[in-house]
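One structure below.
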Amino acid sequence: MENAVPVHAGIIMDGNGRWAQRRGLVRTQGHLEGLKAAKRITKAASDLGIRYLTLYAFSTENWKRTSEEVGFIMGLIRQYLKSEFDFSRRNRIRVRYAGDFEGLPTDIQKEITETIAQTADYNGMQVILAINYGGRDEIIRAFRRLTTARSCESQFTSLKENDITEFLDNPDVPDPDLIIRSAGEYRTSNFLLWEGAYSELYVSQKLWPDWDKEDLEAAIADFSGRQRRFGGVLEGKNG
Ligand code: FPP
């Protein structure tokens, strides 16, 4: 076995709309079931010993959807932040955030700030909620922070990877070992572009609302058999 459980897993929770459409339901019903799946998988990930879990809940591109759908997802996020505190406390889960915070509705900003503060001392799994998140946007924001922090132009001629990493949304969080995508699409959709450079990808055909602990276990089992070379070669092998 090459790897055991990933330290950090990211999930692109896709297929809520299709799940609903296949049942003749409105798309929002799929998001409602998607939220339930997110709760199931958070619990499963914590039980399985994952240390960091990043959930892609809303991308910088998702604003293009109808105002009804956007409003519904924001409502779910609101509900999630309000109702999950007991669960976080029981499981010692620390909640964190990634994304363009300023672009969120102010009441959600407030809920996120409170949840982060309330769970800051918990030492269990860390859940990073990627809401209004885009990988390119995160890199741009990192650059802006970098230029504010270091005014000297000469800094840029000797720019190193670490200079950017330091200004990402959660610089202390290790890069994801595994990125999971539900619903069968083979793309990363602007998720953790910088951090995911060497992540193992796992695509499942199953739509997100149908996800259960067994699906996460299957993803981990698949991951545990991968040989990670990070661009190098394995010792004693030619490639
Ligand atoms: C992708 O499915 C899903 C989303 C854009 C929203 C995901 C949001 C939640 C599950 C609720 C919030 C969760 C948390 C943890 C706060 P899609 O609509 O693109 O599905 P489709 O590709 O089948 O249309």
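Whatever order the structure lists ligands and atoms in, that order sets their numbers, starting from 1. Values below: every heavy atom of this structure, side chains too, minus hydrogens, waters and symmetry copies.
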**Prompt:** For atom 5 (C) of ligand 1, which protein heavy atom lies nearest, and how many Å away is it?
**Reply:** N62 OD1, 3.5 Å
**Item:** R65 near ligand 1 by a heavy-atom separation under 4.0 Å
**Value:** yes
**Request:** For atom 4 (C) of ligand 1, find the nearest protein heavy atom and state the residue, atom name and distance (0.1 Å precision).
**Result:** H31 CE1, 3.9 Å
**Request:** Considering only non-hydrogen protein atoms, determine which one is nearest to atom 13 (C) of ligand 1 and report residue, atom name and distance to 0.1 Å.
**Result:** L35 CD1, 3.7 Å
**Message:** Any salt bridge linking E185 with R18? Criterion: basic side-chain nitrogen under 4.0 Å from a carboxylate oxygen.
**Reply:** yes
**Message:** Strictly below 4.0 Å, N to O, side chains only: are D169 and R141 in salt-bridge contact?
**Reply:** yes
**Prompt:** Which residue owns the protein heavy atom closest to atom 9 (C) of ligand 1, what's the atom, and how far is it?
**Reply:** N16 ND2, 4.2 Å
**Asked** Below 3.5 angstrom, do we get any N/O pair linking Y56 and ligand 1?
**Response** no
**Request:** Work out whether the distance between some heavy atom of A183 and some atom of ligand 1 is less than 4.0 Å.
**Result:** no
**Prompt:** Can you list the atoms of ligand 1 that are under 4.0 Å from a heavy atom of Y80?
**Reply:** 16 (C)
**Asked** Would R23 count as a cation-pi partner of W19, with NZ or CZ less than 6.0 Å from the six-membered ring centre and within 45° of the ring normal?
**Response** yes
**Prompt:** If you count the atoms of ligand 1 from 1 in the order shown, which ones are under 4.0 Å from a heavy atom of A57?
**Reply:** 6 (C), 7 (C), 8 (C), 13 (C), 14 (C)
**Request:** Compute the minimum heavy-atom distance from E185 to ligand 1 and say whether it is under 4.0 Å.
**Result:** no
**Asked** Going by an N to O cut-off under 4.0 Å, is there a salt bridge joining R90 and D86?
**Response** no
**Prompt:** What is the ring orientation for F72 with H31, classed by angle as parallel under 30°, tilted 30 to 60°, or perpendicular over 60°?
**Reply:** tilted
Could you list the donor-acceptor pairs under 3.5 angstrom formed by side chains in residues 73-80, with sequence neighbours left out?
from: R78; atom 1: NE; to: D107; atom 2: OD2; distance (Å): 2.5
from: R78; atom 1: NH2; to: D107; atom 2: OD2; distance (Å): 3.4

**Prompt:** Under 4.5 Å between side-chain heavy atoms, hopping through other hydrophobics if needed: is there a path connecting M13 to I41?
**Reply:** yes
**Region of Q21 engaging ligand 1 - heavy atom pairs below 4.0 Å** = neither
**Asked** With atoms numbered from 1 as shown, which atoms in ligand 1 lie under 4.0 angstrom from a non-hydrogen atom of M13?
**Response** 1 (C), 2 (O), 3 (C)
**Request:** Could you state whether I116 and L129 fall into the same hydrophobic cluster, counting links through intermediate Ile, Leu, Val, Met, Phe, Trp or Tyr residues with side-chain heavy atoms under 4.5 angstrom apart?
**Result:** yes
